[in-house]
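A short worksheet on the structure shown next.
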Amino acid sequence: MFHILEKRIAAAVSSRIASLYNLTTPVQTEQPKQAGFGEVAVPAAFQLARELKKAPKAIAAELADLTIPGVSKIEIAGNGYLNIRLDRGYYAHHLLTGDTGAEPRTAEKIIVEHTNINPNKAAHIGHLRNAILGDTFVRMLRSTGQRVEVQNYIDNTGVQVADVVVGFRHLENKSPGQVQQLIDSEKFDYYCWDLYARVGTYYQENPDALKWRAETLHSIEANAGAEAEIAHLVADAIVHAHLATMLRLNIEYDVLPRESEILHLKFWAIAFEQLKERKAIYFETEGKNKGCWVMPSSAFREGSDNEEDSKVIVRSNGTVTYVGKDIAYQLWKFGLLGKDFYYRPWHRYPDGHQVWASTDQPQNNDMHFGAGSRVYNVIDSRQSYLQDVVVAGLRALGYNDQAGRSVHFSYEMVALSPATCVEMGIELSEEDKRKSYVEMSGRKGLGVKADDLIDKLIEKALDEVTSRNADQPAQERNRIATKIAVAALRYFTLKYTRNTVIAFDFGEALSFTGETGPYVQYAAVRAHKILAKLGERGEALPDFRSALSREAMERHLADEGCWQLLLEASKADSAIERSVESGEPTHVARYAFQLAQSFSTFYQKYPVLSETDPERKTFLLWMTDYFRAQLERTLAVLGIEVPEYM
RNA sequence: GCGCCCGUAGCUCAGUUGGAUAGAGCGUCUGGCUACGAACCAGAAGGUCGGCAGUUCGAAUCUGUCCGGGCGCACCA
């Protein structure tokens, strides 16, 4: 509702400027510094002052002569601000009737790719940041009416999987059958976590062993032999583990495109022909990249023509690099490859949603994915160089529009705080001790596993729930503790902007008070409790539409405190819109916290059930219900559920 | 060496794209449960927005420069 009025005000001022001065200037709106200044401020007069060679104040006076539906007053303030006061009765009435003037969106398909964890070991907290950011962004887009397809790319043929296969074959002498037994009997992703680290150490101590990796990669590529078989078993089992971990956080996917099919279905071969044909890459005949197909650095780095900086796309042995495959994959995402995968059902979630995986075998279905008009790749910022190369590839092929609609949705890494390292018994080098945080490393087995963190959070939440609700059944307390744990984790991950390095600290992540997910849930639970108590006392929830006239609302909203709280509660759409535009999910998270704070203030200041004036009680009940709805909606966008109690 | 990112309260971070008196949480201190549940609320203390120079009506925000920190710059992904 609020952002509709903001837009209406901006449009009105804009057309006023056009008619007065014959100028087309974009009009900004902002929030006044003080509540007493009104609800919306327009600084347009300052921008016009220079062009018109007039005092801002005089311009503001001319602009102010406007009537806008929903606006009660326009004042000139300061040196030339237009301060705008909303018509409170109008505003509340429209909130009540749900007639907020929101317009539906056109349904172009947006592709969001996130998670993309190498299927060779358990997920860690860095992967969680990726998945939570991606999933929340998806929820934001969907809540504004966009059509979104969620992809989770599976690199099942790469070095990381090969190294775990090396571990099984050469360090543990296991057959495919024995690996299958492990999958059935162990927490397999944890097992691989340790094994992968062991292989890393082994390589360091025995560099000759690297030949095992090369052999294994060949076997996987030829899709033959025990190595290839184990690689399939490992990758599939780990993907299932990752999906199970993510589901704990309410994260689901639509499709899993796999690298094996990019190769088998010759996606790369098609892209390779295009790249050669358009001369986006060339065959290097001398220097360090002799015998490779390379992309010149001038394509992806401004002002660079140093051949040493060129990026190898096809190795001298004829195999394609990750970037090459990624260019082919990106082409497919935009529907520019003229080809699609086949799809087989991979897994059906408890809510009935089906996730599909790519396959190279024709299937008896008509599933199609990809061919989006806009693509967000949620990938950490350390890969921005490679993402630049991929986009340069699109551009070099002449797909400038698509290159412009390829967004590297980047975020900084999650590292470990020194305190967390000590807590986990990790020995730090002298160099690391001097740092304010320590980077995680899968190869060294250094990191906090996602499932471990979630378990810890649930355990702590369960303690809290039990201390207040010991009489409730254990299974139910457990379910509620899980919701609280998810809220804590998702909020903790989202409270930072994307380009802030998170130095993960158990103390902060496990906190349930202050600016946290559980704080917001608590507000929603309290709102719900008031409404539930009403029923317990034998009173019915009034029909607000018939019981509250516009005039009555206007009267009750003359109370400045009450009005400010309602105003804050009505700004969910603004927050979501701002998050989508800026690509910063944190704005919605922070709004949710503010909203919860506002409700806590309301809760403290305005006793609802003990109110003796019937009309005022009805009004306060409506406020409560509106807060409850807005809290639930905003939390849903963050992927957080509201428990019945906590 | 080159490229990108960061430096804001004791700590961890926001700051709506250049606007009015720079904000939260944690921590510290003071107060509030016989109440619609205290996972809460009210209040206090705490700032040369890394330094300097510029751009203009106006700068935490833009430009330059210096200082300090991080991450990239593979025929790994």
Side-chain angles (χ1 to χ4, degrees), chain A residues 28-34 37 41 43 46-47 49-50 55-56 77-81 83 116 118 155 158-160 213 259 288-294 297 301-304 306 309 311-317 319-323 325-326 380-386 388 410 412-413 415 417 435-437 439 461 464-465 467-468 484 495-497 499-503 505 507-508 511-516 518-519 521-523 525-527 529-534 537 574-575 578 581-582 584 586-587 590 593-594 597 600-601 603-611 620 624 645-646:
Chain A
Q28 313 270 351
T29 57
E30 58 190 54
Q31 198 177 319
K33 261 293 187 238
Q34 290 176 36
F37 289 165
F46 296 109
Q47 289 152 1
R50 180 187 249 173
N79 283 327
Y81 277 99
N83 284 343
N116 301 7
N118 273 305
D155 179 6
V159 170
Q160 296 216 22
R213 175 194 276 173
E259 183 161 275
K288 67 167 185 173
N289 293 332
K290 185 177 177 183
C292 300
W293 287 89
V294 302
S297 63
R301 261 191 195 167
E302 210 153 322
S304 169
N306 187 347
D309 293 337
K311 181 67 199 169
V312 172
I313 305 296
V314 179
R315 303 183 185 99
S316 55
N317 68 3
T319 57
V320 58
T321 61
Y322 156 77
V323 184
K325 282 176 278 195
D326 217 26
D380 93 68
S381 64
R382 284 173 290 193
Q383 294 197 43
S384 55
Y385 160 71
L386 294 171
D388 287 347
S410 75
E412 276 289 349
M413 64 174 165
S417 74
K435 293 184 175 177
S436 53
Y437 53 81
E439 194 171 345
E464 298 284 345
V465 171
S467 74
R468 296 169 177 81
I484 294 169
K495 71 193 258 191
Y496 302 94
T497 50
N499 60 11
T500 298
V501 177
I502 298 180
D505 184 85
E508 287 172 22
S511 169
F512 295 163
T513 59
E515 195 195 337
T516 65
Y519 173 92
Q521 283 179 314
Y522 186 62
V525 166
R526 284 170 131 188
K529 259 289 166 54
I530 292 175
L531 300 169
K533 270 272 157 66
L534 190 75
R537 295 181 184 187
S574 302
R578 196 147 70 85
E581 275 171 15
S582 63
E584 284 289 5
T586 191
H587 292 144
R590 287 173 175 273
F593 176 65
Q594 270 181 37
Q597 275 187 320
S600 293
T601 305
Y603 185 91
Q604 191 79 12
K605 214 170 148 191
Y606 303 94
V608 178
L609 297 180
S610 58
E611 174 60 48
L620 291 176
T624 306
Y645 58 88
M646 58 191 286

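Every chain is numbered from 1, with letters handed out A, B, ... down the list of sequences.
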With sequence neighbours excluded, what pairs up with A/Asp505 under the side-chain hydrogen bond (donor to acceptor under 3.5 Å, both in side chains) test?
A/Ser417
note: A/Leu386, atom CG; B/G3, atom P; distance rounded to Å ~ 18 Å
Have a look at A/Ser381 and say if it touches a base, only the backbone sugar-phosphate, or nothing, with a 4.0 Å heavy-atom cut-off.
nothing
List in chain and number order the residues that pass ring pair (Phe, Tyr, Trp, His ring centres under 6.0 Å) with A/Phe37, two or more places apart in sequence or in another chain; answer none if no residue qualifies.
none
State which residues pass salt bridge (charged side-chain N to carboxylate O under 4.0 Å, His left out) with A/Lys495; sequence neighbours excluded, sorted by chain then number.
none
Are side-chain N/O atoms of A/Ser381 and A/Ser384 paired as donor and acceptor at under 3.5 Å?
no
Check the chi torsion on B/U17 and let me know: syn if it falls within 90° of 0, anti if not.
syn
Answer with base, sugar-phosphate or nothing: what part of the nucleic acid does A/Val320 contact at a heavy-atom distance below 4.0 Å?
nothing
For atom P, what is the distance between B/G3 and B/U56, given to the nearest Å?
28 Å
Using a 4.0 Å heavy-atom cut-off, does A/Leu531 contact any base of the nucleic acid, only the sugar-phosphate backbone, or nothing at all?
nothing
If stacking means aromatic ring centre less than 5.5 angstrom from the base's six-membered ring centre, planes under 30°, is A/Phe37 stacked on B/A20?
yes
Please list each protein N or O that sits under 3.5 Å from an N or O in nucleotides 34-36 of chain B, with the distance.
unit_1	atom_1	unit_2	atom_2	d
B/C36	N3	A/Val608	N	3.1
B/C36	N4	A/Tyr603	O	2.3
B/C36	N4	A/Tyr606	O	3.1
B/C36	N4	A/Pro607	N	3.3

Could you tell me how far apart A/Met646 (CE) and B/A38 (P) are, to the nearest whole angstrom?
13 Å
Taken to the nearest 0.5 Å, the spacing of A/Asp388 CG from A/Ser297 OG works out to 12.5 Å
Applying salt bridge (charged side-chain N to carboxylate O under 4.0 Å, His left out), can you list everything that pairs with A/Arg526, at least two apart in sequence or on another chain?
none
What about A/Ser384: does its side chain form a donor-acceptor pair under 3.5 Å with the base of B/C4?
no
Determine: side-chain N/O of A/Asn289 to OP1/OP2 of B/C75, distance under 4.0 Å, yes or no.
yes
Please report the distance, rounded to the nearest Å, between CZ in A/Arg468 and P in B/G37.
13 Å
Donor-acceptor pair under 3.5 Å, A/Asn116 side chain vs B/A77 base:
no
Distance between P atoms of B/U63 and B/A24 (Å, rounded):
29 Å
Mind checking A/Leu534 for me? I need base, sugar-phosphate or nothing, with any heavy atom below 4.0 Å counting as a touch.
nothing
Give me the distances for all protein-to-nucleotides 11-16 of chain B N/O pairs that come in under 3.5 Å?
unit_1	atom_1	unit_2	atom_2	d
B/C13	OP1	A/Val501	O	3.3
B/C13	O2'	A/Arg590	NH2	2.8
B/A14	OP1	A/Thr497	N	2.9
B/A14	OP1	A/Thr497	OG1	2.2
B/A14	OP1	A/Thr500	OG1	2.4
B/G15	OP1	A/His587	NE2	3.4
B/U16	O4'	A/Arg578	NH1	3.2

Please name all residues satisfying side-chain hydrogen bond (donor to acceptor under 3.5 Å, both in side chains) with A/Asp155, sequence neighbours left out, ordered by chain then number.
none
Which is true for A/Ala575 with a 4.0 Å heavy-atom rule: it touches a base, it touches only sugar-phosphate, or it touches nothing?
nothing
Categorize A/Phe512 for me: base, sugar-phosphate, or nothing, with a 4.0 angstrom heavy-atom threshold over every strand shown.
base
For A/Tyr522, the ring pair (Phe, Tyr, Trp, His ring centres under 6.0 Å) test, sequence neighbours excluded, returns none
For residues A/Gly514 and A/Tyr519, report the shortest heavy-atom separation together with the two atoms involved.
O-CB, 3.1 Å
Between protein and nucleotides 57-61 of chain B, what N or O pairs are separated by less than 3.5 Å?
none

Within the structure shown, what part of the strands sits under 4.0 Å from A/Met413 by heavy-atom distance: base, sugar-phosphate, or nothing?
sugar-phosphate
Between A/Glu515 and A/Ala461, whichever has its closest RNA chain B nucleotide further toward 5' is A/Glu515
What is the distance, rounded to the nearest whole Å, between atom CD of A/Gln383 and atom P of B/C71?
16 Å
Qualifying residues under ring pair (Phe, Tyr, Trp, His ring centres under 6.0 Å), relative to A/Tyr322, sequence neighbours excluded:
none
For A/Tyr522 and B/A39, is the shortest distance between a side-chain N/O and OP1 or OP2 below 4.0 Å?
yes
Holding to salt bridge (charged side-chain N to carboxylate O under 4.0 Å, His left out), I want the full list of residues that pass it with A/Glu464, two or more places apart in sequence or in another chain.
A/Arg468
Find the distance A/Gln597:CD to B/C40:P and express it as a whole number of Å.
10 Å
State which residues pass salt bridge (charged side-chain N to carboxylate O under 4.0 Å, His left out) with A/Glu508; sequence neighbours excluded, sorted by chain then number.
none
Please work out if A/Glu439 contacts a base, only the sugar-phosphate, or nothing of the nucleic acid, heavy-atom cut-off 4.0 Å.
sugar-phosphate
Pairing nucleotide - B/C36, Watson-Crick or G-U, each distance under 3.5 Å:
none
